[in-house]
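Whatever order the structure lists them in is the order used to number ligands and atoms, beginning at 1.
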Amino acid sequence: MDTGPHFEVKKLELAEQGQRNIELAEMEMGALMKIRERFAREQPLKGVRVGMALHLTKETAVLVRTLRAGGADVAITGCNPLSAQDDVCAALAKEGVKVWGYKGETKEDYYRYLNQVIAFRPQITIDDGCDLVTEIHTKHPDLLRDLWGGCEETTTGVVRLKAMEQEQALRYPIVAVNDNRTKHLMDNFYGTGQSTLDGIMRASNILFAGKTVVVAGYGSCGKGVALRARGMGSQVIVTEVDPFRALQAVMDGHRVMPMTEAARIGDIFITVTGNKGILRKEHFQAMKSGAILANSGHFDVEIDLKALATAGKKRQVRPSLDEYDLQGKKLFVAGEGRLVNLAAAEGHPSLVMSMSFCGQALAVEYLVTHRASLQPSVISLPSSIDDAISRLQLEAMGLNIDGLTAEQDAYAHAWKEGT
Ligand code: ADE
């Protein structure tokens, strides 16, 4: 490990490769680069301490550079032990960013690094999964009076924040960036759809065509995964607990059944529910030899790996692919049951992350601007900000759209004109 006063990363000499990867991401993140240009001119974050726990990827590095261009002082660590890109961490450290993280972190290091970010005494937090916010609330309440606000990236984090709000435990305002349409209908759907299959393919090189893919959970992420698996020539089975989502899956042309039935038929199992214990002992027992199991939900709780390790003998077949031998029947787990798209691949592609991170950058600006009037609660950004992100992305893609004529605008707000 290479360490310095403001960093701990795997190998500082990877910095040049990291810089090249960040530049590659910037080419695809035109909307966020537009925000960076404005931030550099207007300095809306001048002197603001931003503490981040986000996947340490090249796309996140583009966000970090954008916040710094706006005047922020940034300290960052990861939000998953397997998702950091070591070259990117090295590049950030070289640029003077306070950064702690490496791919394959121990649990100890994971929390030690979170505490480095906390020791920086952030005024704004950016979280993906709510671990930073939880750590602050449970172990560092002294910090709460300094905090202006926070931003949360993902569905799982928002679920935890809403539980905190419900119990009146939430002590500072947090923007649910995931609520933006330009986030959950883009990143969760197109991003997870593509990167999840990418992770499974890189881990196993399995052919999706002709396979039966079981997708557990039909939220935005599950819908994206199911769509892309079908696009690769797979037959898709969806398992759900929500009756409406189950109906949506049927109407989208997928088979729907309980996991106990799907377990017997599936070749590839992908969990994206955000809940725990989705693939359990009884399912492992029913599965066919050769089945591949992967998770794309935020935490590694969807596949019961403990039960699997008890039932079978584990060995690593190759990086990101473990075999469990259950008395001759072999089941394979990709990415150690952690977010397979980041553990076994590079996460979502840059373009889709651009929209998510426009949301983060604008949420930070919103919190700084409105900090005097915000209450400790989970906040959605005004739809005007979401629309501005759509416009920036269209502009980055060189696309124009129509506007309402004056007559149409009046009609859209009228009620007397009818049949
Ligand atoms: N979450 C999913 N993909 C990501 C990426 N490329 N960067 C940061 N967070 C992500």
Protein contact of [atom] - nearest heavy atom, named by residue and atom, plus distance:
| atom | value |
| --- | --- |
| atom 7 (N) of ligand 1 | Thr57 OG1, 2.7 Å |
| atom 1 (N) of ligand 1 | His55 CD2, 3.6 Å |
| atom 3 (N) of ligand 1 | His348 N, 2.8 Å |

Query raised in the report: About how many Å separate SG of Cys151 and OH of Tyr366, when rounded to the nearest 0.5 Å?
Result: 11.5 Å
Query - N-O pairing of Arg391 and Glu395 below 4.0 Å - result: no
Requested in this report: Would you mind checking if Arg160 and Glu152 are paired as a salt bridge, meaning a charged N to carboxylate O distance below 4.0 Å?
Outcome: no
Which of the atoms of ligand 1 are close to [X], meaning less than 4.0 Å from one of its heavy atoms?
| X | answer |
| --- | --- |
| Leu342 | 1 (N), 2 (C) |
| Phe357 | 8 (C) |
| Thr60 | 7 (N), 8 (C) |

Query - ligand 1 contact on Met353 by region, counting heavy-atom pairs under 4.0 Å - result: side chain
Report task. May I ask you to identify, for Glu346, whether its side chain, its backbone, both or neither come under 4.0 Å of ligand 1 on a heavy-atom basis? Result -> backbone
Query raised in the report: Is there a donor-acceptor pair under 3.5 Å between the side chain of His6 and the backbone N or O of Ala93?
Result: yes
Query raised in the report: Any luck finding a side-chain donor-acceptor pair between Asn178 and Asn188 under 3.5 Å?
Result: yes
Query raised in the report: So, Glu302 and Thr273: side-chain donor and acceptor under 3.5 Å apart, yes or no?
Result: yes
